[in-house]
Amino acid sequence: MEHSYDAIVVGAGHAGCEAALALARLSMKTILFTVSVDSIALMPCNPNIGGTSKGHLVREVDALGGEMGKVIDRTFIQSKMLNQSKGPAVHSLRAQADKHAYTECMRQVLEETDHLVIRQSEVTELIVEDDRITGVKTYTGAVYHCKVCVLCTGTYLNARCITGESSVNTGPNGLQPANYLTASLQKLGIDIRRFKTGTPARIDGSTIDYSKMEPQYGDEHITPFSFTNRSEDLERNQVRCWLTYTNEETHEIIRDNLDRSPLYSGYIKGTGPRYCPSIEDKVVRFADKNRHQVFIEPEGLYTKEMYIGGMSSSLPEDVQEKMYRSVPGLEHAEIVRNAYAIEYDCINSLELLPSLELKKVKGLYSAGQANGSSGYEEAAAQGLIAGINAARQIQGKDPVIIDRSQGYIGVLIDDLVTKGTNEPYRMMTSRAEYRLLLRQDNADERLTELGYDIGLISEKRYQKFKEKYRLIKEEIERVKNTYVGNTDQVQKLLAEHNSTLINSGMALAELIKRPELSYEILAKIDPDRPVLPEEVKEEVNINLKYEGYIRRQMKQVEQFHKLEKKKIPAGIDYSDIKSLRLEAIQKLTDIQPESVGQAARISGVSPSDISVLLIYMEGGNHDKKDI
């Protein structure tokens with residue numbers, strides 16, 4: 001039996017959902033394969049979306065026309081803006097999800113999308129002719145033809161779950177693994193890595209003593225993930241999370257059983273995430289710390305299961321029970337699901353172009369944990385871009401490449417395809433050079449125009465976006481040209497906020513720049529201030545407060561763009577450039593960077609190598625052997 005589609009998406013996790021929706025919304029006849037329709041948009045690990053830097057990714061996905069932000073807005077049970085005591089560059093939105101509701105909601109969106117078919121079946125083989133993907137074959141032998149294909153296999157490729165000495169060939173949450181596709185990829189010459197991640201136990205909430213823990217509340221004022229939503233429409237009763245800590249007893253139990261840990265016995269071969277370590281790793285690597293944070297988070301409104309954040313483990317079941325019960329509040333805890341580690345195959349991300357197309361197979365794209373990244377948000381971001389670019393290939397259009405100055409999505413993808421990763425890659429604000437420009441609050445300003453040009457943002461939403469930024473621009477100009485004098489009212493307000501009094505007239509914009517003042521505080525001395533939406537007022541305040549820093553970072557971006565615009569001609573034989581160091585020749589040959597800027601970010605390529613490359617290119621003589 002044979003079928004024909006424009007696009008095939010393999011895997012219906014967070015990457016697969018965004019890829020399939022992007023393709024279908026761009027009018028591509030699309031089929032989405034999953035090992036289980038009940039696992040669509042599954043959250044097998046943490047029950048939340050967003051967090052430091054990850055919240056930025058979700059808002060960027062939304063600004064481009066993706067779905068994750070809308071679904072979490074509909075299904076969150078607690079919402080909180082993190083890092084509010086710090087500057088706006090690192091403010092990050094995070095929401096606890098009702099896992100079951102999130103999955104149901106995303107599945108409903110998929111099922112109601114035109115041009116999209118969902119199919120429960122395991123894809124076992126890629127059909128490639130003349131280095132181009134032409135279809136896939138399933139376990140039952142059915143063949144599905146396509147013009148493009150997006151792999152979003154998550155942690156399912158040759159997956160095995162490990163708890164102590166017990167190992168089961170299974171995907172997350174006991175779902176069926178994909179045991180055949182790796183071999184098909186390897187036949188195509190694609191380099192495969194073996195990575196590991198893990199998850200903590202789930203505890204029966206009725207067996208937890210919350211009186212020994214610190215309650216963690218959501219925000220009173222809800223900040224939506226999706227720019228299409230308003231705060232007032234998202235108000236609801238929020239659940240509490242809880243904070244407790246490990247202690248010396250916990251650490252002693254772990255140290256006494258390290259010989260039974262598959263992480264330290266050598267039983268686990270895959271490389272784990274450095275920035276999201278297991279509790280065993282934390283105790284060993286941070287031996288000077290006598291306690292670690294443990295967050296108790298509900299898995300949903302209609303279950304008693306609680307997620308034990310910060311204590312992922314692969315220790316044996318009997319050790320897990322002792323370990324968890326040593327934590328204050330968990331003395332009588334009953335485990336519903338054991339913690340486990342999961343090993344899986346993934347693609348070496350250096351096999352990918354910046355479009356997320358594989359270099360060796362035309363029309364074949366890859367996204368999410370299949371590329372060696374970790375996290376729901378990183379997966380969704382890659383899935384959206386892979387889906388967009390797969391559609392654009394069919395349309396005969398150039399791929400969309402978001403650069404490092406445009407978004408965290410650009411940083412994520414550029415890091416993967418330029419630097420590669422030897423461990424599950426996690427997004428962090430520190431990875432972004434221009435993070436003052438890449439704030440979560442202005443993701444729409446940076447990317448909605450692009451989403452509209454691609455065809456994923458409606459005309460109505462685009463016009464609303466244009467109106468928002470018209471109001472911001474007008475209000476910034478108004479406060480720059482509105483002056484207040486040294487009246488009693490003004491001086492009194494300044495004194496109340498420990499701000500230096502003024503001797504003569506001063507623009508409101510200059511007062512807003514003072515650390516102790518803000519646009520909102522100055523409302524009392526600004527009688528002509530128009531009534532504006534909250535998001536407009538927030539942008540006015542941030543843009544004025546950080547105007548100098550923003551201007552300085554924009555100059556850095558200009559320099560960055562100069563190198564990005566210097567495209568490297570195709571077919572350069574780097575071994576011909578004899579002044580290049582051997583390591584640089586090897587790295588440049590392997591990665592084949594598209595621009596001098598990308599070449600400069602490759603690990604092992606030095607500034608002097610870039611100078612040699614520039615001289616070689618500017619000479620215009622590619623037969624020149626020495627510099």
Side-chain angles (χ1 to χ4, degrees), residues 14-15 45-46 48-63 68-69 72 80-95 195-199 225 271-278 281-282 285-286 289 292-293 295 309-310 312 346 349-350 354 356 367-369 371-385 402-443 446-447 549 553 556-557 560 598 601-603:
H14 303 282
C45 193
N46 50 293
N48 50 66
I49 296 291
T52 303
S53 77
K54 292 168 177 279
H56 292 67
L57 287 172
V58 182
R59 296 204 106 202
E60 289 179 1
V61 165
D62 182 76
M68 178 175 266
I72 187 59
K80 193 169 190 174
M81 185 67 75
L82 305 181
N83 303 324
Q84 291 195 73
S85 62
K86 301 177 183 178
V90 294
H91 291 179
S92 288
L93 188 58
R94 182 177 186 266
F195 278 2
K196 181 225 79 145
T197 187
T199 189
F225 270 108
T271 307
R274 190 180 359 156
Y275 299 107
C276 188
S278 67
D281 264 347
K282 288 180 187 177
R285 285 165 49 189
F286 308 107
K289 292 189 178 291
H292 295 284
Q293 289 183 323
F295 290 96
S312 66
C346 58
S349 58
L350 295 180
L356 295 180
Q369 287 182 277
N371 291 343
S373 64
S374 68
Y376 311 143
E377 304 82 3
E378 290 91 336
Q382 292 172 67
L384 177 63
I385 297 302
I402 295 173
D403 72 42
R404 300 180 74 90
S405 69
Q406 285 180 287
Y408 274 77
I409 294 175
V411 175
L412 163 66
I413 293 174
D414 185 65
D415 278 355
L416 287 171
V417 306
T418 301
K419 300 175 183 178
T421 183
N422 293 319
E423 61 185 285
Y425 177 98
R426 179 177 180 167
M427 193 71 248
M428 295 182 290
T429 52
S430 59
R431 296 190 192 273
E433 306 92 313
Y434 313 113
R435 54 185 171 273
L436 186 54
L437 302 179
L438 308 184
R439 306 184 309 275
Q440 57 87 29
D441 60 89
N442 71 351
R446 294 182 278 113
L447 295 171
Y549 298 103
Q553 203 149 88
Q556 294 171 353
V557 169
F560 163 75
Q598 187 186 359
R601 293 190 295 277
I602 296 172
S603 175

Please report the closest heavy-atom contact between [X] and [Y], naming both atoms and the distance.
{"X": "Q369", "Y": "C346", "result": "O-CB, 3.5 Å"}
{"X": "C45", "Y": "G198", "result": "SG-O, 3.7 Å"}
{"X": "S373", "Y": "G368", "result": "OG-O, 3.0 Å"}
{"X": "Q553", "Y": "L436", "result": "OE1-N, 3.1 Å"}
{"X": "P277", "Y": "D281", "result": "CB-CB, 3.6 Å"}
{"X": "I49", "Y": "F225", "result": "O-CZ, 3.6 Å"}

Strictly by modelled atom types, are S405 and D403 linked by a side-chain donor-acceptor pair under 3.5 Å?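 S405 vs D403: donor-acceptor pair found between side chains.
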Nearest 0.5 angstrom please: [X] [atom1] to [Y] [atom2], how far?
{"X": "D415", "Y": "R426", "atom1": "CG", "atom2": "CZ", "result": "15.0 Å"}
{"X": "K86", "Y": "H91", "atom1": "NZ", "atom2": "NE2", "result": "9.5 Å"}
{"X": "L57", "Y": "R59", "atom1": "CG", "atom2": "CZ", "result": "12.5 Å"}
{"X": "R431", "Y": "L438", "atom1": "CZ", "atom2": "CG", "result": "14.5 Å"}
{"X": "R94", "Y": "N48", "atom1": "CZ", "atom2": "CG", "result": "4.0 Å"}

For [X], all residues meeting side chain to side chain donor-acceptor pair (under 3.5 Å), sequence neighbours excluded:
{"X": "R446", "value": "E60, N442"}
{"X": "D414", "value": "R404, T418, R601"}
{"X": "S92", "value": "H56"}
{"X": "S53", "value": "none"}

Ring pair (Phe, Tyr, Trp, His ring centres under 6.0 Å) partners for [X], two or more places apart:
{"X": "H292", "value": "H251"}
{"X": "F560", "value": "Y434"}
{"X": "H14", "value": "Y102, Y376"}

Considering residues at least two apart in sequence or located in another chain, which fulfil the salt bridge (charged side-chain N to carboxylate O under 4.0 Å, His left out) criterion with K80?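 Salt bridge (charged side-chain N to carboxylate O under 4.0 Å, His left out) check on K80 returns nothing, list empty.
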Using the test side-chain contact (heavy atoms from CB on, under 4.5 Å), find all partners of [X] that sit at least two apart in sequence or belong to another chain.
{"X": "S349", "result": "L352, L416, T421"}
{"X": "A15", "result": "C152, A367, A379"}
{"X": "L350", "result": "N348, I591"}

Just by modelled atom types, is the K289 backbone N or O under 3.5 Å from a matching donor or acceptor in the K282 side chain? no
Backbone of V90 reached by a side-chain donor or acceptor of N83 within 3.5 Å: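 Yes; judged by distance alone, with no hydrogens or angles, the pair exists.
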Walk me through whether I413 and I402 qualify under side chain to side chain contact (heavy atoms under 4.5 Å, CB included). CA-CA 8 Å; I413 293 174; I402 295 173; over 6 Å; no
Residue pair [X] / [Y], side-chain heavy-atom distance below 4.5 Å:
{"X": "M427", "Y": "V411", "value": "yes"}
{"X": "V58", "Y": "L93", "value": "no"}
{"X": "E377", "Y": "Y408", "value": "no"}

